[in-house]
Structure formats: C-alpha cells, structure tokens
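The figures here come from the full heavy-atom set of this structure, side chains too, leaving out hydrogens, waters and symmetry mates. As the structure is a prediction and not an experimental result, all values here were calculated from the model.
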Amino acid sequence: MQKAEKIASLSDKNKCLRGFSPSFRLGGEINNPTTYNLQNLTNLRDTLKKQNPALVTEITVSFQTGSGPRTETYYGVPLWELINNLKAGGGLKPGNSGLNSKNSFLRQYVLVDATDCYGAVVAIGEIQPNFEGKTVLVAYAKKGADGKVVPLIDEGFARLVVPNDKAGGRYVSNVTNILILSAPASPLKPKNF
C-alpha cells in the first residue's frame, strides 16, 4: 500500500497547473531573469516602441489548427527584444559552446512552457537579426472580431506566436516559462572520412 501512495503523491506533484497563466518567468542563460505579467509586458512594449518606433509589435499570421485554418492579428513584444533589450532580459549569457566557441549563440534555444505542460522550442538563430531574423512574438493581445484590440483571454495573458509556421504547433498559450538554454556538446567523437 505504501508504494501506491508514493506513486500517487509523485503524480500529484508533477501535475500540470492547467488554466489561465497570469505571469511567466524569463530565465536561463540571460543577464536579467525576471517575471512578467500583463502590465509589465505592456509597459515593456511601450518602452521598446519609444526606443525604436519601427519595431514590429503587431503581426498578422495564418496557420493550420486541428479545427481548420486560422488567421489572427497579434500584439506583443518580439522574443528577441524580450531576451536582449537592456530594459528586459539584458542579453544572452554565453552558453555551452561545445568544442568550438564560434557563434556559440547558435547552440542556444528558447524553451517555452505552458500551464498544460505543452511546450515548444525556438532556436536563437531563428530570431537573431543577423541570421533568420524572424519576428517571433510574445503576444498579450489580438484583434477582435470587431477590429478592436482585446486581451488574450482563452490563450492566457501571453502566447508565443511564430510567423510562417504552417501549423500552429509552436503557438504556445498560457505561457509560464521562457527559458534560454544551450544544446549539449555532441556526444559523438569526430571521425575522419
């Protein structure tokens, strides 16, 4: 009987919170780990727009879902700015560069977790302006059916939006963690071919 109780208690500890996420934690290999809520994220977006009025903080995306195609316009903070702006994450810390430190940030990635234990990964090379430069957004609002900007309610206060993905699999809702991590060095030994 004790073994069954231990398994049940471990299961309870590892349950997903599910439901609405009122905040997320930004951490990992960055200089300024912090926690964001709707007000912090909105204020950050306003600050970033003052620094750079050309910064893209609104994107319209089309993607496939389990119930068919969907087109939405989202508003938020670009993931690259969230990580690198001095008013936000303060920039990447050097990660695990493996055997060669050249462009070590290309081994880094962003892991985004949700309240339902769903998650997705975005490579730093996808969002780094000198490489792919994709504007991945941490959205906090979208355009409603009436054309007005409305907060994300059914998607948590924050949602990851990855433009040009054909399917919406990396559109993580109810974000709880945004962590910058490094891929480990390859376990394979170099071979001469």
Side-chain angles (χ1 to χ4, degrees), residues 21-63 70-95 103-114 118-144 149-152 155-182:
S21 171
S23 65
F24 67 79
R25 181 175 64 104
L26 175 66
E29 297 169 356
I30 59 169
N31 291 311
N32 302 327
T34 191
T35 299
Y36 284 90
N37 60 26
L38 178 58
Q39 189 63 53
N40 302 127
L41 201 58
T42 304
N43 291 346
L44 177 60
R45 182 249 177 229
D46 294 345
T47 299
L48 295 174
K49 281 301 272 187
K50 285 178 187 167
Q51 287 177 356
N52 178 5
L55 183 69
V56 175
T57 60
E58 171 187 340
I59 54 174
T60 299
V61 292
S62 296
F63 54 96
R70 183 171 166 185
T71 298
E72 298 278 4
T73 299
Y74 287 100
Y75 303 86
V77 174
L79 182 58
W80 179 255
E81 292 296 324
L82 184 68
I83 293 167
N84 284 287
N85 194 285
L86 293 176
K87 299 280 185 186
L92 293 168
K93 283 185 178 177
N103 291 328
S104 64
F105 67 88
L106 291 175
R107 297 182 68 86
Q108 291 177 298
Y109 60 94
V110 182
L111 174 63
V112 181
D113 292 322
Y118 189 77
V121 169
V122 175
I124 291 294
E126 287 182 81
I127 61 174
Q128 209 277 357
N130 293 328
F131 283 80
E132 186 174 349
K134 183 186 286 189
T135 302
V136 172
L137 209 62
V138 179
Y140 59 80
K142 67 181 179 180
K143 191 175 285 185
V149 177
V150 295
L152 301 178
E155 299 162 297
F157 97 91
R159 180 176 204 193
L160 186 70
V161 177
V162 185
N164 300 320
D165 276 9
K166 291 179 183 177
R170 293 196 293 177
Y171 285 53
V172 179
S173 300
N174 287 296
V175 173
T176 56
N177 291 302
I178 298 178
L179 300 172
I180 292 70
L181 304 167
S182 288

Minimum side-chain heavy-atom gap [X]-[Y] below 4.5 Å:
| X | Y | value |
| --- | --- | --- |
| V77 | L48 | yes |
| V122 | V112 | no |
| I178 | L79 | yes |
| L55 | P78 | yes |
| F131 | E126 | no |

For [X] versus [Y], what's the shortest heavy-atom pair and its separation?
| X | Y | answer |
| --- | --- | --- |
| L44 | A88 | CD2-CB, 3.8 Å |
| Y74 | R70 | OH-NH2, 3.5 Å |
| L82 | V138 | CD2-CG2, 4.0 Å |
| G27 | P33 | CA-CB, 4.1 Å |
| N32 | L86 | ND2-O, 3.8 Å |
| S182 | E29 | OG-OE1, 2.7 Å |

I need the single residue from V110, L106, L181 that forms a side chain to side chain contact (heavy atoms under 4.5 Å, CB included) with I124. Which is it? V110

As a test of understanding, state which of V175, N40, N37, L41 forms a side chain to side chain contact (heavy atoms under 4.5 Å, CB included) with Y140. L41

Working to the nearest 0.5 angstrom, can you tell me the gap between [X] [atom1] and [Y] [atom2]?
| X | Y | atom1 | atom2 | answer |
| --- | --- | --- | --- | --- |
| I180 | L26 | CD1 | CG | 5.0 Å |
| N31 | I83 | CG | CD1 | 12.0 Å |
| T57 | L137 | OG1 | CG | 7.5 Å |
| K134 | Q128 | NZ | CD | 14.5 Å |

Checking the side chain of T176 only, and the main-chain atoms of D113 only, is there a donor and an acceptor separated by less than 3.5 Å? yes

Determine whether a donor-acceptor pair (N or O, by modelled atom type, separation under 3.5 Å) exists between the side chain of Q108 and the backbone of K93. yes

Look at atom NZ of K87 and say whether more than 12 heavy atoms of other residues, nucleotides or ligands are closer to it than 6.0 Å. no

Determine all donor-acceptor pairs shorter than 3.5 Å in which one atom belongs to a side chain in residues 160-167; sequence neighbours excluded.
residue	atom	partner	partner atom	Å
D165	OD1	R170	NH2	3.0
D165	OD2	R170	NE	2.7
D165	OD2	R170	NH2	3.2

Would T35 and R25 satisfy side-chain hydrogen bond (donor to acceptor under 3.5 Å, both in side chains), going step by step from the backbone distance to the final call? CA-CA 4 Å; T35 299; R25 181 175 64 104; over 6 Å; no

Decide side chain to side chain contact (heavy atoms under 4.5 Å, CB included) for L111 and N177; before the verdict, give the C-alpha distance in whole Å, the side-chain angles of both, and the deciding distance to 0.1 Å. CA-CA 8 Å; L111 174 63; N177 291 302; over 6 Å; no

Please evaluate residues N52 and E81 with respect to the criterion side-chain hydrogen bond (donor to acceptor under 3.5 Å, both in side chains), reporting the C-alpha separation (whole Å), side-chain torsions for both, the decisive distance (0.1 Å), and the verdict. CA-CA 11 Å; N52 178 5; E81 292 296 324; 5.9 Å; no

Sequence neighbours excluded - ring-ring contact (aromatic ring centres under 6.0 Å, His included) pairs with any residue from residues 30-56: F24-Y36

